[in-house]
Protein chains: 2
Amino acid sequence: MAAAETARGRIAPLAEEDTLSLGERAYRRLRESIVQGMLPAGRKISERSLATQLGISAQPVREALQRLEQDGMVITLPRRGTVVAEMGPAQLGELGRIRAALEGVAAALAAERLDAAALATFTSILARMKAGTDAADHDILDEANEEFHALIHRATGNLFLMRSLASLRAYDHLGRRRAVGSTPRDLPKALREHQGIVAALRRRDPALAEARMRAHVLRSLVTNGVLSPPPRGKRPP
Amino acid sequence: MAAAETARGRIAPLAEEDTLSLGERAYRRLRESIVQGMLPAGRKISERSLATQLGISAQPVREALQRLEQDGMVITLPRRGTVVAEMGPAQLGELGRIRAALEGVAAALAAERLDAAALATFTSILARMKAGTDAADHDILDEANEEFHALIHRATGNLFLMRSLASLRAYDHLGRRRAVGSTPRDLPKALREHQGIVAALRRRDPALAEARMRAHVLRSLVTNGVLSPPPRGKRPP
DNA sequence: CATGGACATCTGCCATAGCAGTTGGCAGCC
DNA sequence: GGCTGCCAACTGCTATGGCAGATGTCCATG
């Protein structure tokens with residue numbers, strides 16, 4: 001992340017590398033700037049000034065801000081301004097629970113539509129997860145985990161689901177900060193959960209895949225500190 | 001009820017009906033046109049021609065189309081055009097299952113945050129539902145049902161959830177068409193489900209409220225024909 | 001008749017300019 | 001000093017124009 005490395009709140013101009021639209025690039029840049037910590041909550045954002053900072057017009061910036069508002073990351077009051085939304089622990093927890101539910105539905109849909117090629121890819125991903133777990137290599141684990149979920153999302157073929165989950169996963173890096181160094185020894189637990197999900201997918205059992213995926217995401221959120229209590233049912237035995 | 005009815009000397013805020021932005025109005029108009037059946041699937045939409053039809057500029061139309069693409073209702077191919085997305089029964093079913101999951105999360109969150117005033121409102125809504133069920137009055141039932149869910153959504157206080165559910169509920173009128181005249185006699189069943197959900201909310205039992213809400217939405221989708229099979233568990237005792 | 005290439009025309013995308021509503025502050029009055 | 005009203009400087013919002021890329025047609029060429 002060398003390009004966007006500037007003073008706090010300052011956004012570097014957009015590089016003209018890709019063929020993506022300016023609005024799309026501005027959207028990704030801004031979302032990254034928010035979840036990374038620059039552009040803190042409550043910060044005022046002006047279409048014009050931000051446009052000059054990015055070296056583009058105000059129109060693509062406006063589109064990016066509207067998409068960010070759809071994601072809940074900014075709030076714009078008509079004729080008054082746009083500010084970065086406050087994201088307290090409570091709201092992060094709610095978004096986590098929403099994401100857990102959606103990941104569950106995605107797993108259920110994937111269990112019905114997955115083809116052989118995707119199932120084979122899971123074998124490779126699980127192998128890398130095993131290696132990363134044994135070596136306690138967080139880089140490998142994060143990358144494999146990303147592919148794991150992305151593969152499931154893609155397998156659903158549902159654009160709405162993919163878009164929603166992409167928006168929600170962006171919040172991950174916001175709530176994970178405090179627990180970055182912890183992750184004591186529940187890495188094997190996460191591995192077993194992933195294996196269990198893949199097993200359910202192979203059996204083409206939507207209900208089981210959904211239950212396991214949802215439980216996995218919820219537990220992951222708990223160990224990462226964004227979801228404080230295990231929301232256990234009221235029957236403790 | 002007079003809108004400006006406040007304390008002596010107090011002036012009520014202005015209603016914000018027609019102060020909506022052109023982009024927002026174009027978005028709602030287009031979404032309505034799609035779910036109502038005009039603008040059928042595959043129809044090409046041009047920013048410019050649509051702008052002249054609406055009597056506005058191309059920029060607000062563009063914003064509306066982008067939001068519709070986020071909702072999955074249109075697909076725009078860069079430099080080639082924007083077309084109304086195909087919404088087959090399979091996709092409508094998927095969106096229904098997504099919505100069922102999100103409504104469940106909304107019910108769970110509402111069970112934790114609901115205040116006394118909202119709980120009192122549920123009593124009134126349930127009474128109207130009872131009356132509508134006895135009279136088999138679909139207009140009353142639809143309106144009460146709308147308020148029922150909207151109240152739960154609002155109680156969560158989660159903007160992301162509310163936006164997503166608002167987008168998903170728009171598809172309802174797309175899939176319900178064939179079953180409009182049927183609705184044989186499961187109206188009492190829907191009433192009991194609503195009552196059960198409210199009971200769970202009163203007990204502040206998030207897990208129970210979620211399970212009941214999700215089951216209610218899924219069954220509603222089945223009787224409306226958008227979700228064909230009852231996705232029963234694989235143990236048919 | 002079949003085929004290929006140039007041109008008119010369409011598309012989404014972006015830049016510029018100006019509008020109307022909001023805010024903050026400063027002068028002027030009580 | 002405290003309050004009122006005005007003005008300049010913002011803000012988001014919209015209109016207009018023009019850009020490059022994609023499409024379809026038509027004529028020249030084999």
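Keep in mind that what you see is a predicted model, and the values were worked out from it rather than measured.
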side-chain contact (heavy atoms from CB on, under 4.5 Å) between Arg163(A) and Gln70(B), worked out:
CA-CA 7 Å; Arg163(A) 273 192 243 271; Gln70(B) 286 276 321; 4.0 Å; yes
Does anyone know the first and last nucleotide of DNA chain C in reach of chain B, 5' to 3', at under 4.0 angstrom to a heavy atom?
dT11(C) to dA15(C)
Could you pull out all residues at least two apart from Glu47(A) that satisfy side chain to side chain contact (heavy atoms under 4.5 Å, CB included)?
Arg62(A), Leu65(A)
Pairs: protein N or O with nucleotides 7-9 of chain D N or O, under 3.5 Å:
none

Determine: side-chain N/O of Arg80(B) to OP1/OP2 of dG21(D), distance under 4.0 Å, yes or no.
no
Test of understanding: with side chain to side chain contact (heavy atoms under 4.5 Å, CB included), list the residues that count as partners of Asp137(A), not counting sequence neighbours.
Ala135(A), Asp139(A), Ile140(A)
Nearest nucleotide by nearest heavy atom, which residue falls closer to the 5' end of DNA chain C, Ser46(B) or Ser57(A)?
Ser46(B)
Residue pair Ala26(A) / Leu54(A): nearest heavy atoms and the distance that separates them
CB-CD1, 4.2 Å
Which distance, rounded to the nearest 0.5 Å, do you find between the CZ of Arg80(A) and the CD1 of Ile75(A)?
12.5 Å
CA sep, side-chain torsions, deciding dist, call: Asn158(B), Leu95(A), side-chain contact (heavy atoms from CB on, under 4.5 Å):
CA-CA 8 Å; Asn158(B) 190 295; Leu95(A) 292 177; 4.1 Å; yes
Is it the case that the side chain of Asn224(A) and the backbone of Val226(A) share a donor-acceptor pair, with hydrogens and angles ignored and the cut-off at 3.5 Å?
no
Quick one: Glu47(B) CD to dA15(D) P, roughly how many Å, whole number?
14 Å
Close approaches to DNA chain C from residues 59-77 of chain A, in residue order (heavy atom, under 4.0 Å):
Gln59(A), Pro60(A)
Check: His216(A) main-chain N/O paired with Ser220(A) side-chain donor or acceptor under 3.5 Å:
no
Rounding to 0.5 Å, atoms CG (Asp142(B)) and NE2 (His173(B)) come to a distance of 8.5 Å
Under the ring pair (Phe, Tyr, Trp, His ring centres under 6.0 Å) rule, collect the residues that match up with His153(B), sequence neighbours excluded.
none
